[in-house]
Number of protein chains: 2
Amino acid sequence: MSKFENVSIKKEANIYHDGKVTSRTIEFADGSVKSLGIMLPGEYTFGTKEAEIMEMMSGELDIKLPGEDWKTLNTPESFNVPANSSFDLRVKTVTDYCCSYIK
Amino acid sequence: MSKFENVSIKKEANIYHDGKVTSRTIEFADGSVKSLGIMLPGEYTFGTKEAEIMEMMSGELDIKLPGEDWKTLNTPESFNVPANSSFDLRVKTVTDYCCSYIK
């Protein structure tokens, strides 16, 4: 069980899709931001402002990144999403993830 | 939007009831522990080891504490649960909560 040390966490959750996708925002001393989240099975499309690295800590999903075909990812795989774009997901099993926002 | 500063957070989520209840464990510099969690609508029973203070940050639920009748709670109400006991919940709307463990 890994930990993030010496961080700030926003108390209130980020809640999307009627609670099927939720996350907590973590702020690091160096100013970087990550979110730790849960996605329940379902189909979702997410937009990005900053580029993102999505690390899967549990679960299985299919993903369609911009300009790519659908592909299946399993834990502990991760995927990168460019800034100002979007990606489609078919979440197959409860997925625990860590999203890093890349400035 | 309130924050917990200078804390550690376990990266992996605590996942219960097929992901309908999930939480993140937060450790404070003084050794105290809280969890920030989400409960989707449903009926749940939880056991306690330590006494707990459950603070609702969003949502509505019915609760049955040991030896009490069912009652409805709304945000920002909270409830206390004794150590080594259990409580029943009927979560009506997505509930964002903060659980403090009392040693």
Side-chain angles (χ1 to χ4, degrees), chain A residues 1-44 53-61 74-78 89-100, chain B residues 1-44 53-61 74-78 89-100:
Chain A
M1 180 78 75
S2 49
K3 280 186 202 177
F4 291 132
E5 312 256 0
N6 199 12
V7 295
S8 297
I9 180 167
K10 285 187 185 162
K11 204 173 164 182
E12 291 77 10
N14 310 303
I15 299 177
Y16 313 98
H17 297 285
D18 299 326
K20 293 179 72 179
V21 179
T22 60
S23 66
R24 304 278 169 180
T25 303
I26 317 289
E27 296 166 352
F28 291 72
D30 65 3
S32 62
V33 177
K34 296 180 190 290
S35 61
L36 291 172
I38 292 280
M39 297 187 281
L40 297 190
E43 300 197 10
Y44 312 103
I53 300 171
M54 287 278 284
E55 175 194 351
M56 294 167 62
M57 297 182 300
S58 76
E60 181 185 351
L61 53 82
N74 282 288
T75 299
E77 292 182 276
S78 58
L89 293 176
R90 291 192 293 241
V91 177
K92 297 180 177 178
T93 59
V94 178
T95 296
D96 185 10
Y97 70 87
C98 177
C99 176
S100 302
Chain B
M1 179 79 73
S2 49
K3 280 186 204 176
F4 291 132
E5 314 256 0
N6 200 7
V7 294
S8 298
I9 181 168
K10 285 189 185 163
K11 205 172 162 182
E12 291 77 10
N14 310 304
I15 300 176
Y16 313 99
H17 297 286
D18 298 328
K20 292 178 74 178
V21 178
T22 60
S23 66
R24 303 280 169 180
T25 302
I26 316 291
E27 296 166 352
F28 291 73
D30 66 2
S32 61
V33 176
K34 296 181 191 288
S35 61
L36 291 172
I38 292 282
M39 297 187 282
L40 298 190
E43 301 197 11
Y44 313 103
I53 300 171
M54 288 278 283
E55 175 194 351
M56 293 169 63
M57 298 183 298
S58 76
E60 180 186 351
L61 54 82
N74 283 287
T75 300
E77 292 183 276
S78 59
L89 293 176
R90 289 193 294 242
V91 176
K92 297 180 176 178
T93 59
V94 179
T95 296
D96 184 9
Y97 70 86
C98 177
C99 177
S100 302

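Side-chain atoms are counted along with the backbone in the values below, which use heavy atoms only and exclude waters and symmetry mates. So you know, we letter chains A, B, ... as the sequences are listed, proteins then strands, and number each from 1.
- Proximity to chain B (any heavy atom under 4.5 Å) is shown, for Thr25(A), by neither the backbone nor the side chain.
- At a heavy-atom separation below 4.5 angstrom, chain A is approached by Ile9(B), Lys10(B), Lys11(B), Glu12(B), Ala13(B), Ile15(B) within residues 9-16 of chain B.
- Atom CE of Met54(B) sits about 13.5 Å away from atom CD of Glu77(B), to the nearest 0.5 Å.
- Using a 4.5 Å cut-off between heavy atoms, Ser2(B) touches chain A through backbone and side chain atoms alike.
- Under the rule for a side-chain hydrogen bond (donor to acceptor under 3.5 Å, both in side chains), the partners of Glu27(A) that lie at least two apart in sequence or sit in another chain are Lys3(B).
- Scanning residues 34-44 of chain A against chain B with a 4.5 Å heavy-atom cutoff picks out Leu36(A), Gly37(A), Ile38(A), Leu40(A), ordered by number.
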Walk me through whether Glu55(B) and Ser100(B) qualify under side chain to side chain contact (heavy atoms under 4.5 Å, CB included).
CA-CA 8 Å; Glu55(B) 175 194 351; Ser100(B) 302; 5.8 Å; no

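- Shown are Leu61(B), Val91(B), Val21(B); of these, the side-chain contact (heavy atoms from CB on, under 4.5 Å) with Tyr97(B) is made only by Val21(B).
- Comparing Thr95(A), Val7(A), Thr22(A) by heavy-atom pairs within less than 4.5 Å of chain B, the highest count is held by Val7(A).
- Every residue meeting the side-chain hydrogen bond (donor to acceptor under 3.5 Å, both in side chains) condition with Glu5(B), not counting sequence neighbours, appears here in chain and number order: Ser8(A).
- Counting non-hydrogen atoms of neighbouring residues, nucleotides and ligands closer than 6.0 angstrom, the CG atom of Asn74(B) exceeds 12 such neighbours.
- Here CD1 of Ile26(B) is found 11.5 Å from SG of Cys99(B). Values are rounded to the nearest 0.5 Å.
- Side-chain N or O atoms of Thr75(A) include one that pairs as donor or acceptor with a backbone N or O of Ser58(A) at under 3.5 Å.
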